[in-house]
Protein chains: 4
Amino acid sequence: MQVTVTEAARRQQIAEAAVEVVARHGFAGASFAKIVEHAGLSSTRLISYHFRDKSDLMMTTLISAISAVDDRMNERLDGTTDRVDMLRSYIEFLVGMLTTHPDQVRAIREIGANMPEFAPVLRDFRTGRLERQLVQGQREGVFGEFDVRVVARTIANGVDGADGADTDVDAYARELADLFIRSCVG
Amino acid sequence: MQVTVTEAARRQQIAEAAVEVVARHGFAGASFAKIVEHAGLSSTRLISYHFRDKSDLMMTTLISAISAVDDRMNERLDGTTDRVDMLRSYIEFLVGMLTTHPDQVRAIREIGANMPEFAPVLRDFRTGRLERQLVQGQREGVFGEFDVRVVARTIANGVDGADGADTDVDAYARELADLFIRSCVG
Amino acid sequence: MQVTVTEAARRQQIAEAAVEVVARHGFAGASFAKIVEHAGLSSTRLISYHFRDKSDLMMTTLISAISAVDDRMNERLDGTTDRVDMLRSYIEFLVGMLTTHPDQVRAIREIGANMPEFAPVLRDFRTGRLERQLVQGQREGVFGEFDVRVVARTIANGVDGADGADTDVDAYARELADLFIRSCVG
Amino acid sequence: MQVTVTEAARRQQIAEAAVEVVARHGFAGASFAKIVEHAGLSSTRLISYHFRDKSDLMMTTLISAISAVDDRMNERLDGTTDRVDMLRSYIEFLVGMLTTHPDQVRAIREIGANMPEFAPVLRDFRTGRLERQLVQGQREGVFGEFDVRVVARTIANGVDGADGADTDVDAYARELADLFIRSCVG
DNA sequence: TATGAATGAGTGTTCATTCAT
DNA sequence: TATGAATGAACACTCATTCAT
């Protein structure tokens with residue numbers, strides 16, 4: 001039985017399977033074979049057919065995972081105007097994603113760590129929005145003087161590195177938000 | 001031509017070569033073949049002979065890299081009593097290691113990310129000393145109230161994540177130290 | 001030059017080559033490399049492609065060898081109704097296979113001795129038919145009282161162990177049949 | 001600490017360890033490494049030092065195992081004059097060895113199956129004594145006319161093939177003795 | 001008598017990819 | 001759009017054995 005689907009739909013299906021495989025087996029463990037098995041496809045040939053090469057697949061996988069997270073973030077942060085509230089929500093939301101969307105979060109981290117050439121895409125996701133918010137806060141006088149790029153990057157690092165913490169995730173998220181708010185608010 | 005060396009010396013030689021290979025090619029790219037080539041040895045059989053398996057080699061490699069960093073850190077921090085100075089020195093020193101000992105730093109990160117079973121060893125290196133210093137600082141009233149484990153972990157994440165930053169490293173280090181000192185003091 | 005054949009045909013081709021290699025080099029000596037060489041294939045990768053693992057290959061090889069023997073046996077024994085004739089034919093036929101189909105016989109023995117998990121398959125081949133015939137003979141009063149499983153097993157052991165005997169094979173076969181008929185009849 | 005022992009004692013110590021390793025891991029699984037580990041020796045070099053090559057080790061191992069079995073058999077059968085009693089005792093004793101000396105019995109079988117060049121040694125152990133007894137029995141008129149070599153060989157095969165039988169060992173032994181006594185007496 | 005160190009050949013298995021319809 | 005078949009390179013690891021004291 002040969003199931004025919006549109007090109008775009010197949011790519012998306014494979015990318016979503018790849019997100020889960022990368023998250024669970026790590027980047028190195030995410031072979032075509034495992035992805036094919038996880039997606040219930042007939043052979044690895046399907047991946048080779050729909051993607052130029054592994055890099056192409058991984059880029060699509062990364063974008064798929066980032067989109068899922070970004071969509072949720074937009075819903076959540078929409079309408080928040082207070083800068084401090086925004087910063088707290090941002091941090092707590094992303095740490096919370098470790099529980100609600102662990103596959104996406106981990107896939108983003110794994111791919112980011114193993115595909116240096118994707119740095120630009122990842123950089124925008126990790127710190128783009130944050131930098132803009134921090135700059136606005138500084139202009140409004142809510143935040144003190146500091147290098148927004150360093151702080152934004154450190155916040156992203158702190159959020160990413162929260163994964164695997166043994167303690168209660170919500171408590172961890174609050175502590176993390178407290179940490180950066182103490183530092184940013186002048 | 002058979003060159004014979006003591007067991008301990010060979011292990012150390014191989015581990016040091018492994019540090020460099022892991023740093024430059026990543027954990028997944030650090031095959032026995034590449035390590036052997038880099039070390040100028042005759043065959044991969046030499047690694048199998050001196051190490052029980054790859055995990056054994058990687059643990060030794062990790063310890064080798066950690067020792068190199070720890071030794072320098074002990075020299076540097078020895079005699080520093082002021083808590084705030086200590087915190088600044090600690091952060092700036094480790095970020096500086098990205099320039100002076102990039103292989104060791106990256107090998108530690110790569111192995112840590114790919115060998116979950118080494119977590120205890122890595123955890124002690126990353127946050128052990130820092131947690132003790134932060135607790136002391138709180139007792140002395142220099143640092144405020146915060147969860148020491150979260151802050152120590154976030155500092156470690158911030159330092160690790162400094163790698164690859166495009167800006168001037170020393171400036172980055174100072175900004176990072178400023179960030180955490182603002183948050184911890186007061 | 002890439003030669004393409006159907007999956008089933010390739011599996012059969014490889015399994016048949018494996019029968020011969022196992023028979024001639026023993027189970028331990030039957031490496032993928034030797035089988036590939038014997039079959040005139042391009043690389044060991046072809047085996048890995050068509051079989052899940054070595055165990056899968058060996059099971060297929062065993063079944064291939066058993067089928068070849070069983071098919072001949074069915075032709076030979078078909079129509080024989082007399083129990084004593086049947087027993088004699090069975091024993092003489094199998095000993096004769098040592099000459100006409102030595103590769104199959106030896107491959108079965110080698111694989112059986114080295115893959116304990118295949119015991120059920122082998123047990124059925126070695127003693128299944130025999131046990132049924134002996135039970136029938138006992139019901140008909142042709143054979144005396146004895147433990148059918150022990151006798152069937154001993155006959156199979158006696159036939160297998162005939163391999164390598166220096167004397168004339170046909171004479172050996174007759175003597176062996178005489179031995180068990182004396183014991184079973186009356 | 002270097003323990004020095006006489007040449008002969010070392011050889012015997014290693015051979016006895018090899019008996020157990022061959023019995024438990026099969027011939028193919030009996031590597032120098034496993035034997036060294038089982039014997040508590042410092043390195044495989046000790047085996048290479050005391051034995052010309054693996055064949056030399058295996059021959060010594062085979063002789064060691066055969067001697068252990070032969071010694072017990074001599075004790076047991078000494079004084080038995082009745083031919084039928086002797087045949088029954090012989091069979092039941094050897095099957096019983098599967099329980100009392102499984103390592104020796106299995107090592108003999110494994111080495112015999114994998115070292116065709118040891119056939120002469122093994123042949124004498126397996127059928128030598130038996131053939132002489134059968135010939136005597138025929139001369140005395142206790143046993144019928146049959147080819148003693150075929151019968152002796154088949155008894156040996158039947159005893160060897162008793163290993164792994166699921167039923168009660170003693171019952172199996174009695175049935176086996178019954179089988180051959182029915183056939184021989186007569 | 002014993003040992004530490006080294007070795008080349010070989011094992012099955014996995015990898016992403018290409019050929020040919 | 002999909003597929004079955006094939007591929008060469010690489011992987012960690014094990015083998016019995018030899019070199020050099």
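Chain A is the first sequence line, chain B the second, and so forth, proteins listed ahead of strands; every chain is numbered from 1.
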Task: Runs of at least three consecutive pairs that involve DNA chain E, where pairs are Watson-Crick or G-U with distances under 3.5 Å - done: E:2-21 with F:2-21

Open item on the list: Can you identify which nucleotide, out of E:dT11, E:dT7, F:dT14, has its nearest atom closest to the B:Ser42 side chain?
Closed with: E:dT7

- [ ] Between A:Gly29 and C:Thr4, just flag the one whose closest nucleotide in DNA chain E comes earlier from the 5' side.
- [x] A:Gly29

Task: For atom CZ of A:Arg52 and atom P of E:dA16, their distance in whole Å - done: 17 Å

- [ ] Would you indicate which nucleotide in F:dA5, F:dA6, E:dT11 comes nearest to any side-chain atom of C:His50?
- [x] F:dA6

TODO: Nearest-nucleotide wise, let me know which of B:Ala8 and C:Thr44 is further upstream toward the 5' end of DNA chain E.
DONE: B:Ala8

Task: Nucleotide nearest C:Asp53 when distance is taken to its side chain, options E:dT13, E:dT11, E:dA2 - done: E:dT13

Task: Whole-Å distance separating the CD1 atom of C:Ile47 from the C1' atom of F:dA5 - done: 15 Å

- [ ] Look at the side chain of A:Arg11 and the backbone N and O of A:Phe51, then say whether any donor-acceptor pair between them is shorter than 3.5 Å.
- [x] no

Task: Distance, rounded to the nearest Å, where D:Phe32 contributes CZ and E:dA6 contributes P - done: 21 Å

Open item on the list: Within a 6.0 Å radius of atom CD on D:Glu37, are there more than 12 heavy atoms belonging to other residues, nucleotides or ligands?
Closed with: no

- [ ] Identify which one of A:Asp160, A:Asp163, A:Asp103 satisfies the salt bridge (Lys or Arg N to Asp or Glu O under 4.0 Å) criterion when paired with A:Arg109.
- [x] A:Asp163

TODO: Name the closest nucleotide to the D:Ser48 side chain, picking from F:dA2, F:dA5, F:dT17.
DONE: F:dT17

- [ ] Calculate, to the nearest 0.5 Å, the distance between atoms OG1 and CD belonging to B:Thr6 and B:Gln13 respectively.
- [x] 10.0 Å

- [ ] Using atom NE2 of D:His25 as one end and atom C1' of F:dT14 as the other, report the distance to the nearest whole Å.
- [x] 15 Å

Task: Gap between atoms OH and C1', on A:Tyr49 and E:dA16 respectively (whole Å) - done: 18 Å

Task: CZ/B:Arg123: more than 12 non-hydrogen atoms of other groups inside 6.0 Å - done: no

- [ ] Select one nucleotide: of E:dC15, E:dT7, E:dA2, the one nearest the side-chain heavy atoms of B:Arg45.
- [x] E:dT7

Open item on the list: Taking only side-chain N and O atoms of D:Ser31, does any of them lie within less than 4.0 angstrom of OP1 or OP2 on F:dC15?
Closed with: yes

Task: Between E:dA9 (P) and B:Leu46 (CG): distance, integer Å - done: 16 Å

TODO: For C:Asp56 and E:dT14, give me the distance from atom CG to atom P, rounded to whole Å.
DONE: 12 Å

Open item on the list: Please check this pair: side chain of A:Glu110 against backbone of A:Phe27, looking for a donor-acceptor N/O pair closer than 3.5 Å.
Closed with: yes

Open item on the list: Rounded to the nearest 0.5 Å, what separates atom CD in C:Glu20 from atom CZ in C:Arg24?
Closed with: 5.0 Å

- [ ] Round to the nearest Å and state the distance from A:Lys54 atom NZ to E:dT17 atom P.
- [x] 8 Å

